[in-house]
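Positions are given from 1 along the sequence.
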Amino acid sequence: RSLWNITEKCLKYFAETHEALWASIDANVMEETAKEFMKSVKKTNRSIKFSNVYLETEKSVKDFLATCPLIVALHHQSMRPRHWALLMKATGKEFTPPYQDPELKLGGLLELNLHEYGEQVDEITDQSQKEEKMEVNIANLENQWSSVDWEFDTFTTHGASAEEVKLLKMLDEDFEQLEADQLTVQSMLGNRYMMTFEDQIHSWNSALNNIADIFTLLGEIQGTWSYLEPLFVGSDEVKKELPEDAKRFVGVDQDLKVILKDATNTGNVKETCVVEGRFKKLEDINERLSLCKKSLKDFLSGKQRIFP
């Protein structure tokens, strides 16, 4: 009689869960309830453990228990329409997914016999949760880099018409964030589920690499330019002795100021650094600056030998 009571309770509970709305279920509670049923079934008299009623009740509870973790996973907020489509494909059954039917009952999904597709459901739900993390990471990147602006130092130029030029720099915490975000993107690139966000991830990988490369190169250029500018612009002797390099520096000076002014007007670091051809232009400026610097060094070394 004890087994019949347990069986009756199980059947009643399973019937109630079938009628429960998918949106309101708590699969963790369902799992704990099923575990209690299983304990009760196991405690029944040994002499009836080979009866059809016992075996069928035990199987029903086991199947329900096996389904509960899958329901927990499918109930996760990361499930998107594409994942429900994958579930239909895995089970070979068409059904109206929860996002299309707010009145969907749990029985509609239990009829799929999810315990028979445990491996596929685990794969689908693992994909959904990892994709959600990527989705969150991408949203964080958008939010972070939309608000990172350049900081400035002011440099006063030399020559007949002095002007103030704003030199670009980044806050230490922004550069540290850049390095952390590059690691995050590298991790996403190695994720086997990246296909859904592939274009966005590659775009961010390129953008962050551009920011890092341009910031590093720009720091080198601004340092060299600040050192050379008083000599190639403010020194008549240098302009007289190194006319070709002085002319080259004028071109560098003009090109660099255009980029610095554009960055100042733009304000945002990412927008400045993703301009097509910008890194290549800065490389060209740096090469020309290096020629000017070498010529100046040779000139000063020659003067030092004459006037030690």
(request) Check the surroundings of atom CD in E244: do more than 12 heavy atoms from other residues, nucleotides or ligands lie under 6.0 Å from it? (result) no
(request) Decide, yes or no, whether a salt bridge links R80 with E135 under the criterion of side-chain N to carboxylate O below 4.0 Å. (result) yes
(message) Can you tell me if M88 has over 12 outside heavy atoms packed within less than 6.0 Å of its CE?
(response) yes
(message) Tell me whether E163 at atom CD has more than 12 heavy atoms from other residues, nucleotides or ligands lying less than 6.0 Å away.
(response) yes
(request) For the pair D63 and K59, find out whether any cationic side-chain nitrogen is under 4.0 Å from an anionic carboxylate oxygen. (result) yes
(message) The test is side-chain contact (heavy atoms from CB on, under 4.5 Å); show your working for N137 and F197 and say whether it passes.
(response) CA-CA 11 Å; N137 284 337; F197 306 103; over 6 Å; no
For residues 25-32, run the donor-acceptor check on the side chains, cut-off 3.5 Å, and write out each pair with its distance to 0.1 Å, sequence neighbours left out.
unit_1, atom_1, unit_2, atom_2, d
D26, OD1, N28, N, 3.1
D26, OD1, V29, N, 3.3

(message) What I want to find out is whether E123 reaches R192 closely enough, with some N-O distance under 4.0 Å, to be called a salt bridge.
(response) yes
(request) Please answer whether the main-chain N or O of F14 pairs with a side-chain N or O of T17 as donor and acceptor at a distance below 3.5 Å. (result) yes
(request) Using a strict 4.0 Å threshold on nitrogen-to-oxygen distance, state whether E237 and K240 make a salt bridge. (result) no
(message) Looking at K293, I'd like to know if its NZ atom is crowded, meaning that more than 12 non-hydrogen atoms belonging to other residues, nucleotides or ligands lie closer than 6.0 Å.
(response) no
(message) What I want to check is whether the side chains of T57 and T7 have a donor and an acceptor closer together than 3.5 Å.
(response) yes
(message) Can you tell me which residue among K166, E164, E229 is in a side chain to side chain contact (heavy atoms under 4.5 Å, CB included) with F155?
(response) E229
(message) With a sphere of 6.0 Å drawn around NZ of K239, does it hold more than 12 non-hydrogen atoms of other residues, nucleotides or ligands?
(response) yes
(request) Validate the cation-pi geometry between K130 and Y193: distance from NZ or CZ to the six-membered ring centre under 6.0 Å, angle to the ring axis within 45°. (result) no
